Amino acid sequence: SIREPRPGELWIGCRNGLLHGVDGRWRRYGRKDGLRDDWVGALACGRKGEVWVSYHGALGITRLRLEGDRLATEHWNRSSGLGGELVYSLFFDSLGRLWSAGDRGAGVYDGKIWRYYDRDDGLVWDDCDTGSWYADSDGSVWIGTSAGISHYRPPAAAPPSVPPRGRH
């Protein structure tokens, strides 16, 4: 996965870690720097300079911020609110919310809490496909699953501050 948050800067997730290049200078980050694994899967770059990564295995996701040459990391897994730990895709919608798509459905993080959607909520299937998403300019999101595509349209009213209880 490759992302360019601004001209001259690249983040590349690969089997050997997370590569960060700025104006031709490169640095590799991995477990020794706070990542959960060296094999990085999906990447998403936020508006505030943070980078979100998932892993090749079921290890959840990590939010990264550069502090000089060091990474500040914050991890999410099922025990910390993430709905599924095997995450195939990470992306931001036009409203700035982070989406994760994996083997247990799709989750959206508004900066405070995660909400999850699966077949019971209208997804065609729980298992999402890698890189199969589209964040539309109207705030809606298209999510590809193993059984077809689903279209999430945000509600006109804000969702409740406490998410509904899900199945586990």
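All heavy atoms count here, side chains included; hydrogens, waters and symmetry mates do not. In this text, all values refer to a predicted model and were calculated from it rather than measured experimentally. We count residues from 1, following the sequence as given.
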(message) Show me the pairs that pass salt bridge (charged side-chain N to carboxylate O under 4.0 Å, His left out) and involve residues 83-98, at least two apart or across chains.
(response)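 The answer is D93-R97.
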(request) Give every residue pair that meets the salt bridge (charged side-chain N to carboxylate O under 4.0 Å, His left out) criterion with at least one member in residues 37-55, sequence neighbours excluded. (result)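 Output for this query lists R31-D37.
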Taking only residues two or more places apart in sequence or in another chain, which ones pass side-chain hydrogen bond (donor to acceptor under 3.5 Å, both in side chains) with [X]?
| X | value |
| --- | --- |
| W39 | none |
| S140 | D138, H151 |
| S137 | none |

Can you name the nearest heavy-atom pair linking [X] to [Y], along with the distance?
| X | Y | result |
| --- | --- | --- |
| G131 | S89 | N-OG, 2.6 Å |
| G105 | C128 | O-SG, 3.6 Å |
| C45 | W11 | SG-CD1, 4.0 Å |
| L82 | S100 | CD1-OG, 4.4 Å |
| F92 | A135 | O-CB, 3.6 Å |
| A147 | W125 | CB-CB, 3.6 Å |

(message) For D129, give me all partners under side-chain contact (heavy atoms from CB on, under 4.5 Å), at least two apart in sequence or on another chain.
(response)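 For D129 the side-chain contact (heavy atoms from CB on, under 4.5 Å) partners, ignoring immediate neighbours, are S132, S146.
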(message) I need the full list of side chain to side chain donor-acceptor pair (under 3.5 Å) pairs touching residues 16-25, with sequence neighbours left out, sorted by first then second residue.
(response)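 Listed once each, the pairs are E9-H20.
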(message) Could you measure the distance from the CH2 atom of W26 to the CG atom of L10? Nearest 0.5 Å is fine.
(response)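 Rounded to the nearest 0.5 Å, the CH2-CG separation comes to 4.5 Å.
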(request) First locate atom CD1 of I12, then atom CD1 of I2, and finally report the distance between them rounded to the nearest 0.5 Å. (result)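 With rounding to 0.5 Å, CD1 (I12) is 4.5 Å from CD1 (I2).
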Which pairs of donor and acceptor atoms, one on a side chain in residues 53-60, lie under 3.5 Å apart (sequence neighbours left out)?
residue: S54; atom: OG; partner: A42; partner atom: N; Å: 3.1
residue: S54; atom: OG; partner: V87; partner atom: O; Å: 3.1
residue: Y55; atom: OH; partner: R36; partner atom: N; Å: 3.1
residue: Y55; atom: OH; partner: T62; partner atom: OG1; Å: 2.6

(message) Apply side-chain contact (heavy atoms from CB on, under 4.5 Å) to residues R3 and L90 and explain how you reach the verdict.
(response) CA-CA 11 Å; R3 296 290 178 262; L90 292 168; over 6 Å; no
(message) Check whether T145 reaches the backbone of D126 with its side chain - one donor and one acceptor, N or O, closer than 3.5 Å.
(response)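 No.
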(message) So does V124 get a backbone contact from the side chain of S150, meaning a donor-acceptor N/O pair under 3.5 Å?
(response)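 Confirmed, S150 side chain pairs with V124 backbone.
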(request) With sequence neighbours excluded, tell me which residues meet salt bridge (Lys or Arg N to Asp or Glu O under 4.0 Å) with D136. (result)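 None.
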(message) Taking the side chain as everything from C-beta on, heavy atoms only, tell me whether Y117 gets closer than 4.5 Å to W99.
(response)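 Yes, side chains in contact.
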(message) Within the 4.5 Å heavy-atom criterion, are L98 and I61 side-chain neighbours or not?
(response)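 Sidechains of I61 and L98: in contact.
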(message) Under 4.5 Å side-chain heavy-atom separation, chaining through any Ile, Leu, Val, Met, Phe, Trp or Tyr, what else clusters with Y88? Say none if it is isolated.
(response)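 So far as hydrophobic clustering goes, Y88 is joined with L86.
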(message) Under 4.5 Å side-chain heavy-atom separation, chaining through any Ile, Leu, Val, Met, Phe, Trp or Tyr, what else clusters with I149? Say none if it is isolated.
(response)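 Taking Ile, Leu, Val, Met, Phe, Trp and Tyr as members, I149 shares its hydrophobic cluster with Y134, W142.
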(message) Between R115 and D121, does any NZ, NE, NH1 or NH2 come within less than 4.0 Å of an OD or OE carboxylate oxygen?
(response)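 Judged by the 4.0 Å cut-off on N to carboxylate O distance, D121 and R115 do not form a salt bridge.
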Review item, side-chain donor-acceptor pairs of residues 63-72, under 3.5 Å, at least two apart:
residue: R63; atom: NE; partner: E74; partner atom: OE1; Å: 3.4
residue: R63; atom: NH2; partner: E74; partner atom: OE1; Å: 2.4

(request) Take the angle between the ring planes of W114 and W52 and call it parallel below 30°, perpendicular above 60°, tilted in between. (result)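 If you compare the ring of W114 with that of W52, the planes turn out perpendicular.
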(message) Is there a path of hydrophobic side-chain contacts, each under 4.5 Å between heavy atoms, that joins F91 and Y116?
(response)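 No; tracing contacts between hydrophobic side chains, which count when under 4.5 Å, never links both residues.
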(message) Please check if the number of heavy atoms outside K32 that lie under 6.0 Å from its NZ is greater than 12.
(response)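 Yes, the 6.0 Å shell around NZ holds more than 12 heavy atoms from other groups.
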(request) Evaluate whether atom CZ of R28 has more than 12 neighbouring non-hydrogen atoms of other residues, nucleotides or ligands under 6.0 angstrom away. (result)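 Yes - once you tally the heavy atoms of other residues, nucleotides and ligands closer than 6.0 Å, there are more than 12.
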